Amino acid sequence: MRLPRFEYVRPQALEEALSVLAQSGSRAKILAGGTDLLVNMKQRTVCPEVLVSIKTLSELLMVSSDAQGFTAIGSGANLTDLAANAGIAEKFPAFIQAVRAIASKHIRNMACIGGNVCLDTRCWYYNQSKLWRDARERCHRTGGSVCHAIKGAARCHAINSSDTAPVLVALDAKISVMKKGENRLIPARQFYCDDGIRNTILEPSAIVTAIHLPDGNGAGRSAFIKLSMRRGIDFALCSIAARANINGAGVTDVRLVLGSIASMPIVLEKAAQVIMEAGLTQSAIEKAGEVARTELGIITNLFTSAGYKRQLAGVLVKQALNELKGKTAKRGGAKA
Ligand SMILES: Cc1cc2nc3c(=O)[nH]c(=O)nc-3n(C[C@H](O)[C@H](O)[C@H](O)COP(=O)(O)OP(=O)(O)OC[C@H]3O[C@@H](n4cnc5c(N)ncnc54)[C@H](O)[C@@H]3O)c2cc1C
Ligand code: SF4
């Protein structure tokens, strides 16, 4: 498949990139590693007139720690480099596990963390060639008014399959977003929207410049588990990011976040509450797994059946909590 025609712009500085995006509006798309965007362009699901390449902007390549206790990772950071960063792996093991789980080595060699954070949602009825799509009635996402994935659905339920998105939400990360004349720091949980067509709050003229991970929330008490058909290259059928703080008061700040199952990461509030009330006991872990299944909301049959996904969610919750329990026991501070 060939790419459609487009104008290629390679700004020399972030300010220049922001100006080009401000002038071009929705005619432009940001190009990072291109491992998702270029495939989508070939399939004609997106046809931007202008591609603004940000991959080599030095302002987006920084990795640094600040006085507020955050580690900032520039959105242009390459995934293979990140996966090999021992300092970040030690502080944020679940985050680096998620980075290492993305696609394949070849794809990670090209891709950037910003592209993964801003990954477009996916649907079996949408991520196909134009010829294939044209053979079906148009759905919400292609300008029609039906959904093939959920009959009768009033909106698009395409899935956010970014491996790092649930981890960012679980770790209370913040996302730095810039557009011409404006710079905002947005909690990851508020960055994602429950909408298959517009799954982030990003405007077309805005760039994610960095992600900020809070230093206190990572080490040793977080977990990431991804389940996919094949280990090497596939998107997740479902993933989970978990973390908990273990202190004298017991288990606090439990976060359980499912990825690759809905249009945004799903935060499991009730399942987390079970653990905060009872600790990481075996019976509480079993109960949390059961409760999680009731918190999933509308689930599609995309890529695998909805019933299987509900089962999977409960199993992953229990696996992640057992992993946290194991790590806690090793640190000698378990309330179990
Ligand atoms: C075969 C295959 C398997 C894959 N498997 C996985 C997988 O297992 N897990 C997974 O998470 N992904 C997977 N992907 C998707 C993709 O490769 C990765 O998510 C990758 O990290 C995307 O990064 P990129 O730099 O290539 O993004 P690009 O393709 O360049 O961009 C992706 C999107 O983000 C936008 N964007 C990029 N950077 C920014 C920024 N700084 N600010 C605002 N918007 C931005 C782009 O405009 C575009 O809409 C797979 C892709 C393929 C082809
Ligand atoms: S979820 Fe429904 S509306 Fe969205 S792309 Fe798929 S078929 Fe179309």
Side-chain angles (χ1 to χ4, degrees), residues 14 17 21 28-42 45-46 48 51-55 57 60 74-80 82 98-104 106-128 133 136-167 175-179 191 195-197 199-200 202-211 226 228-237 239 259-260 262-263 298 300-302:
L14 179 58
L21 288 168
K29 278 291 260 182
I30 293 167
L31 177 71
T35 60
D36 195 64
L37 180 59
L38 296 179
V39 177
N40 291 343
M41 286 173 66
K42 285 183 176 181
T45 54
V46 280
L51 276 191
V52 183
S53 173
I54 59 164
K55 198 173 177 182
L57 293 179
L60 305 183
S75 61
N78 169 264
L79 294 185
T80 298
L82 266 184
V99 169
R100 289 176 184 156
I102 295 168
S104 65
H106 306 85
I107 289 175
R108 291 193 298 276
N109 284 346
M110 290 296 294
C112 305
I113 187 64
N116 191 253
V117 171
C118 303
L119 189 65
D120 283 339
T121 53
R122 302 180 62 75
C123 170
W124 193 79
Y125 298 96
Y126 178 73
N127 297 96
Q128 304 285 356
R133 286 194 310 276
R136 280 188 170 260
E137 185 181 353
R138 284 172 185 267
C139 68
H140 293 299
R141 198 166 184 183
T142 52
S145 56
V146 299
C147 172
H148 304 300
I150 300 182
K151 302 288 173 220
R155 68 158 175 93
C156 172
H157 287 269
I159 291 177
N160 179 332
S161 299
S162 159
D163 284 324
T164 59
V167 186
I175 296 174
S176 178
V177 176
M178 267 182 113
K179 66 176 189 178
F191 180 78
D195 181 341
I197 297 175
N199 73 318
T200 71
L202 272 185
E203 295 166 45
S205 58
I207 297 181
V208 166
T209 52
I211 56 169
K226 168 177 176 176
S228 53
M229 289 285 188
R230 294 167 299 179
R231 246 184 164 189
I233 192 155
D234 281 337
F235 287 95
L237 298 175
S239 66
S260 299
S263 300
I298 297 172
T300 68
N301 280 324
L302 286 176

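Both counts, for ligands and for their atoms, begin at 1 and track the order of listing. Since the structure is predicted, the reported quantities are computational estimates derived from the model, not experimental observations.
Atoms of ligand 1 found under 4.0 Å from any heavy atom of I54 (numbered from 1 in listed order, with element): 40 (C), 41 (N). Near D234, with a cut-off below 4.0 Å to any heavy atom, the atoms of ligand 1 are 8 (O). When each atom of ligand 1 is checked for a heavy atom of S161 under 4.0 Å away, the hits are 9 (N), 10 (C), 11 (O). Close approach of ligand 1 to I30 is summarised as follows: ligand atoms under 4.0 Å from at least one heavy atom of the residue are 38 (N), 39 (C), 42 (N), 43 (C), 44 (N), 45 (C), 46 (C), 47 (O). For ligand 1, the atoms lying closer than 4.0 Å to a non-hydrogen atom of G33 are 24 (P), 25 (O), 26 (O), 30 (O). Those atoms of ligand 1 that come under 4.0 Å of a heavy atom in L79, given as number and element, are 21 (O). Residue contact check: S162 has heavy atoms under 4.0 Å from atoms 11 (O) of ligand 1. Each of the following atoms of ligand 1 lies closer than 4.0 Å to a heavy atom of I107: 1 (C), 2 (C), 3 (C), 17 (O), 52 (C), 53 (C).
Closest non-hydrogen pair, M178 versus L14, comes out as SD-CD2, 3.7 Å. Here the closest non-hydrogen pair linking T45 and Q128 is CG2-O, 4.5 Å. The shortest heavy-atom contact between C147 and A153 is CB-CB, 3.9 Å.
The side-chain hydrogen bond (donor to acceptor under 3.5 Å, both in side chains) search around T121 returns R141, not counting sequence neighbours. Every salt bridge (Lys or Arg N to Asp or Glu O under 4.0 Å) that D36 has, sequence neighbours left out, goes to R122.
In terms of protein heavy-atom proximity, atom 13 (C) of ligand 1 is closest to F235 CE2, 3.1 Å. The protein heavy-atom contact nearest to atom 17 (O) of ligand 1 is T35 OG1, 2.6 Å. In terms of protein heavy atoms, atom 9 (N) of ligand 1 is closest to D163 OD2, 2.8 Å. The nearest protein atom to atom 3 (C) of ligand 1, hydrogens excluded, is given as I233 O, 3.2 Å; this is a heavy-atom distance. Taking atom 28 (P) of ligand 1 as the reference point, the nearest protein heavy-atom neighbour is G34 N, 3.5 Å. Residue, atom and distance of the protein heavy atom nearest to atom 7 (C) of ligand 1 are A103 N, 3.2 Å. The closest protein non-hydrogen atom to atom 8 (O) of ligand 1 is K226 NZ, 2.7 Å.
Residue nearest to atom 10 (C) of ligand 1, selected from N78, I175, N116: N116 (by heavy-atom distance). Considering each of S75, G115, A17, A101, the one bringing a non-hydrogen atom nearest atom 23 (O) of ligand 1 is G115. Nearest to atom 45 (C) of ligand 1 by heavy-atom distance, out of G74, S53, A77, C118, is C118.
Heavy atoms of D120 found under 4.0 angstrom from ligand 1 belong exclusively to the side chain.
Around atom 4 (Fe) of ligand 2, protein N, O or S atoms at less than 2.8 Å comprise C156 SG.
Residue-to-ligand polar distances keep A236 apart from ligand 1: every N/O pair is separated by 3.5 Å or more. Considering backbone and side-chain N/O of A32, one or more are found under 3.5 Å from N/O of ligand 1. For the pair V208 and ligand 1, the shortest N or O to N or O distance falls below 3.5 Å.
Using a 4.0 Å heavy-atom cutoff, K29 is listed among the residues neighbouring ligand 1.
For residues 108-117, the side chain to side chain donor-acceptor pair (under 3.5 Å) pairs, not counting sequence neighbours, are T80-N109, N116-S162, N116-T164.
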